[in-house]
2 protein chains.
Amino acid sequence: MKKEKSNPSNRPATMRDVAKLAGVSQPTVSRVLNQSNTAISISEETRIKVMAAVEQLNYRPNVLARGLRTQQTQMIAVMIADISNSFFHPIARAIQDVARERNFDVMIANSDQVYSNELHFIEAVTRRPVDGVIMVPIHITNQFLGEFVTRTNTPVAVLGQHVDHPLIDVVFARDDKAIYDATQWLVKERGHRELGLIGSLDDLPPGPRRAQAFVDALNELQIPVNPAHLLPGDFTLEGGRRAVQQLLETTDKLPTVLVALNDLMAIGAILCLQEAGYSVPDDVAVIGFDDIAEATIVRPALTTIAQEPADIGRKLATCLFERIGDLAMPRRILESPSHLIVRDSA
Amino acid sequence: MKKEKSNPSNRPATMRDVAKLAGVSQPTVSRVLNQSNTAISISEETRIKVMAAVEQLNYRPNVLARGLRTQQTQMIAVMIADISNSFFHPIARAIQDVARERNFDVMIANSDQVYSNELHFIEAVTRRPVDGVIMVPIHITNQFLGEFVTRTNTPVAVLGQHVDHPLIDVVFARDDKAIYDATQWLVKERGHRELGLIGSLDDLPPGPRRAQAFVDALNELQIPVNPAHLLPGDFTLEGGRRAVQQLLETTDKLPTVLVALNDLMAIGAILCLQEAGYSVPDDVAVIGFDDIAEATIVRPALTTIAQEPADIGRKLATCLFERIGDLAMPRRILESPSHLIVRDSA
DNA sequence: AGTGACAATGCATACGATTGCATGCATAAA
DNA sequence: TTTATGCATGCAATCGTATGCATTGTCACT
């Protein structure tokens with residue numbers, strides 16, 4: 001009585017167990033279960049015996065073992081940039097939907113826009129191979145990402161960032177164009193001449209690209225840009241508050257409108273402005289980017305550039321699965337639409 | 001030239017590769033890398049050779065293979081009930097933090113409170129074994145969950161639901177007590193005598209438990225409950241709106257305060273009331289539960305019962321890891337604090 | 001010098017599945 | 001009756017790692 005063996009076999013049933021119970025060999029069980037494999041014939045009799053045994057033992061194939069043998073894990077990994085940013089929720093949901101259709105599991109990770117978390121994620125997916133990766137890189141360099149891909153041969157779909165690699169597909173939103181148009185709209189249709197920006201030229205992606213579009217639009221219209229009105233922003237709610245605080249401290253001439261590079265910052269800015277006694281949009285108008293759920297909660301309701309995160313998620317996922325199906329697939333750069341939604345904040 | 005072999009070895013390096021390069025056997029490499037294993041001695045010389053080879057080949061252990069051998073995957077799975085509910089974000093974050101400390105990977109799934117998604121999740125973690133599971137069960141029966149656990153011997157930590165099983169630990173928030181107290185506070189301190197409820201007795205967990213506390217509190221105070229003021233609610237923003245719509249359609253005598261069983265529904269209710277021309281809290285006050293980020297975004301700012309999701313997540317995770325370390329650990333039922341936060345909506 | 005202890009390492013096997021190849025059998029063709 | 005054909009199945013190797021056991025060499029001690 002060295003080991004307690006009260007449980008006859010307190011572990012999930014294996015193929016061997018099924019085989020023994022059905023009175024066939026273990027490979028036969030495998031063939032019955034993977035009947036989809038063409039050109040393999042199994043007698044109806046043994047198929048029934050095997051299925052009965054499977055049923056009786058409540059057998060489920062061990063995906064780990066299968067993955068080791070086939071080098072395919074039936075799993076993709078997703079790294080989003082900020083789980084607190086509602087923008088990513090429909091994306092995650094859409095990805096899970098597409099994955100479900102193909103019987104893939106999804107492993108979601110959240111980088112919180114922190115570099116070490118991004119590195120850890122890459123480390124994790126090289127140690128635990130997955131069939132594909134979807135990610136929103138913020139700090140990670142394209143080169144580093146490229147090296148991961150060539151080293152592991154893992155297809156990757158990236159959101160927002162252009163990465164030049166034959167195994168990496170990209171989905172983006174022409175956000176620069178959208179910001180450019182929105183900025184011009186603020187000037188031409190709304191008559192603003194003092195515009196501020198939250199999320200500056202030297203911040204995290206996609207900051208610089210969008211900020212540049214903002215600056216370009218104003219240059220085009222020959223509207224001067226007040227450097228004190230270019231605020232940094234880290235794409236969080238708190239970041240939006242901080243930007244406005246900095247604005248209030250460093251200048252007494254407020255812009256008439258603030259262009260925030262995402263909704264979270266826009267909302268933070270609105271809250272902070274209101275707490276400081278300013279009226280939005282009368283004293284300072286605010287416009288955001290993304291059209292997240294909170295945009296209709298905040299008062300005044302947020303004028304913003306809507307993206308279609310569900311569409312983005314679906315594009316990312318289908319792109320990825322197509323490449324998983326055929327590594328040689330030509331590289332794709334997909335565009336997801338965006339459009340201005342005018343509510344009350346600007 | 002049957003196969004293209006342009007890449008000398010276009011696949012991640014294995015232990016065998018490292019062994020060959022270092023001129024030792026594969027088990028030796030394994031021992032060098034798992035040096036933590038006590039009582040195994042490796043000469044400094046070979047250790048250096050091996051580490052050099054590891055470095056040169058950029059070797060990373062394959063967690064799949066290791067998991068197959070050791071029956072430990074270094075991975076836990078988390079199923080949250082609604083990724084759009086901010087309440088779960090700090091929970092997920094805390095779990096990831098704790099897991100990171102222990103070098104575990106986390107696989108997050110989102111059930112969206114849909115039964116089939118819950119089933120799919122259980123199916124996924126029985127096919128792809130994990131070392132532990134954290135979940136927020138909504139539809140799944142305790143019995144089904146218990147069967148999964150006994151079948152697979154997987155430790156589980158559950159949020160909010162009492163499940164009686166030696167391998168299942170529970171973290172909850174005494175939400176019934178909190179609702180009870182808040183209800184009494186609304187009556188005694190705020191003078192309300194017409195109270196409504198969003199999230200009724202026969203809804204999803206944790207609805208019934210909290211609803212019962214609401215009813216109990218009023219019975220205790222001998223305040224009558226108007227059945228037309230007991231609204232169903234599915235714990236989503238939309239659900240809150242629908243509840244108010246139903247209320248407006250079915251009765252013309254509005255309650256003076258609405259107790260929503262979570263913040264998302266409370267916010268939905270506020271928005272819907274305002275759109276219908278009512279003032280919050282003057283016409284109808286609203287109180288929520290959770291204290292999610294949006295509670296301070298909505299106007300009027302939401303009076304609510306605050307939970308501590310980060311604490312909950314930490315408790316769930318540490319509980320789980322303790323049990324992973326020792327399956328025989330006595331079963332624990334942990335309580336996480338909650339307290340009323342009075343803002344402007346009630 | 002003989003013996004035992006211990007350090008350092010290799011050999012072989014196992015984890016749970018897939019898959020190329022071989023084999024046995026029944027049936028059809030010669 | 002003999003030979004060819006194809007269906008149904010078993011055998012054995014393999015994926016990458018961990019580990020019990022055996023083996024070798026070194027050293028100290030009697």
Side-chain angles (χ1 to χ4, degrees), chain A residues 2-3 9 11-50 53-54 57 59-75 126-131 152-153, chain B residues 2 9 11-50 53-54 57 59-75 126-129 131 152-153:
Chain A
K2 311 192 74 174
K3 287 187 179 182
S9 79
R11 55 153 181 57
T14 74
M15 270 198 180
R16 238 184 291 278
D17 301 328
V18 175
K20 192 187 297 181
L21 181 59
V24 299
S25 78
Q26 175 258 325
T28 296
V29 177
S30 172
R31 289 194 257 264
V32 169
L33 265 42
N34 305 343
Q35 45 190 342
S36 58
N37 283 12
T38 52
I40 284 187
S41 44
I42 293 285
S43 79
E44 193 56 24
E45 185 188 4
T46 68
R47 173 190 314 281
I48 290 176
K49 278 191 304 184
V50 168
V54 164
L57 295 178
Y59 168 79
R60 292 290 181 284
N62 183 322
V63 188
L64 247 68
R66 172 184 295 170
L68 186 58
R69 177 61 225 248
T70 63
Q71 307 286 32
Q72 300 184 27
T73 60
Q74 299 280 95
M75 170 149 160
T126 88
R127 302 175 97 107
R128 182 187 308 283
V130 293
D131 291 345
T152 62
N153 254 352
Chain B
K2 309 192 72 175
S9 77
R11 54 153 182 59
T14 75
M15 270 199 180
R16 240 183 286 278
D17 301 328
V18 175
K20 192 187 296 181
L21 181 58
V24 299
S25 76
Q26 173 260 321
T28 297
V29 177
S30 173
R31 288 191 261 260
V32 169
L33 265 41
N34 305 342
Q35 47 190 340
S36 58
N37 286 10
T38 53
I40 284 186
S41 45
I42 293 286
S43 78
E44 194 56 24
E45 186 190 5
T46 69
R47 175 191 313 282
I48 290 177
K49 278 192 303 187
V50 168
V54 164
L57 295 177
Y59 168 80
R60 292 289 182 285
N62 182 322
V63 189
L64 247 69
R66 172 183 297 170
L68 186 58
R69 177 61 224 249
T70 63
Q71 307 285 34
Q72 301 183 28
T73 60
Q74 299 279 97
M75 170 149 158
T126 88
R127 301 175 97 106
R128 182 188 308 283
D131 292 345
T152 62
N153 253 352

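Naming convention: chains lettered A, B, ... in sequence-line order (proteins, then strands); numbering from 1 in each chain.
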> Here's a test of your reading of the structure: between A:Q26 and A:R47, which maps to the more 5' nucleotide of DNA chain D?
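Result: A:R47.
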
> Roughly, in whole Å, what's the span from CE in A:M15 to C1' in C:dT19?
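In whole Å, C:dT19 C1' and A:M15 CE are 12 Å from each other.
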
> Could you tell me how far apart A:R60 (CZ) and C:dG16 (P) are, to the nearest whole angstrom?
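Atom CZ in A:R60 sits about 17 Å away from atom P in C:dG16.
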
> Going by modelled atom types, is there a donor-acceptor pair between the base of C:dT18 and the side chain of A:R66 at under 3.5 Å?
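Per atom types, no contact qualifies.
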
> Rounded to the nearest 0.5 Å, what separation is found between the NZ atom of A:K49 and the OG1 atom of A:T28?
9.0 Å

> At less than 4.0 Å, is any side-chain N or O atom of B:T46 found next to OP1 or OP2 of C:dT9? Yes or no.
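For B:T46, the contact criterion (side-chain N or O under 4.0 Å from OP1 or OP2 of C:dT9) is met.
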
> Can you tell me how far CZ of A:R128 sits from CE of A:M75, rounded to the nearest 0.5 angstrom?
6.5 Å

> Within this structure, what is the CZ-to-C1' distance between A:R69 and D:dT14, rounded to whole angstrom?
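From A:R69 CZ to D:dT14 C1': 5 Å.
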
> Should B:S43 be listed as having a side-chain N or O under 4.0 Å from OP1 or OP2 of C:dA8?
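For B:S43, the contact criterion (side-chain N or O under 4.0 Å from OP1 or OP2 of C:dA8) is not met.
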
> Counting only side-chain nitrogens and oxygens, does B:Q71 get under 4.0 Å of the OP1 or OP2 atom of C:dG16?
yes

> May I ask you to verify whether the side chain of A:E45 and the base of D:dA8 hold a donor-acceptor pair under 3.5 Å?
no

> Measure the distance from CZ on B:R31 to C1' on D:dT19 and round it to the nearest whole Å.
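Spelled out: CZ on B:R31 to C1' on D:dT19 is 7 Å.
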
> Counting just side-chain N and O atoms, does B:S25 come under 4.0 Å of either OP1 or OP2 of C:dT9?
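Looking at the OP1 and OP2 atoms of C:dT9, neither is under 4.0 Å from any side-chain N or O of B:S25.
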
> What is the distance, rounded to the nearest whole Å, between atom CD1 of B:I42 and atom C1' of D:dT19?
13 Å

> Taking atom types as they are modelled, is there a donor-acceptor pair under 3.5 Å from the base of D:dG16 to the side chain of B:R11?
no

> If each of B:A65 and B:P27 is mapped to the nucleotide of DNA chain D with the nearest heavy atom, which maps nearer the 5' terminus, i.e. the 5' end?
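With B:A65 and B:P27 compared, the 5'-side residue is B:A65.
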
> Can you measure from CD (A:Q26) to NZ (A:K20) and round to the nearest 0.5 angstrom?
12.5 Å

> Side-chain N or O of B:T28 versus OP1/OP2 of C:dG10: is the shortest distance under 4.0 Å?
yes

> Would you mind telling me which of D:dA8, D:dG16, C:dT18 lies closest to the side-chain atoms of A:S41?
D:dA8

> Quickly work out the A:Q74 CD to C:dT18 C1' distance and round it to whole Å.
13 Å

> If you measure from CZ on A:R31 to OG1 on A:T46, what distance do you get to the nearest 0.5 Å?
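A:R31 atom CZ to A:T46 atom OG1 measures 10.0 Å (nearest 0.5 Å).
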
> Measuring from atom CG of A:N62 to atom CG of A:L68, what distance do you get when rounded to the nearest 0.5 angstrom?
10.0 Å

> Which whole-number value in Å describes the distance from B:E44 CD to C:dA8 C1'?
13 Å

> With respect to the side chain of A:N62, which nucleotide from D:dT17, D:dA18, C:dG16 is positioned closest?
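Of D:dT17, D:dA18, C:dG16, C:dG16 is nearest to the side chain of A:N62.
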
> Rounded to whole Å, how long is the line connecting atom CG of A:L68 with atom C1' of D:dA13?
13 Å

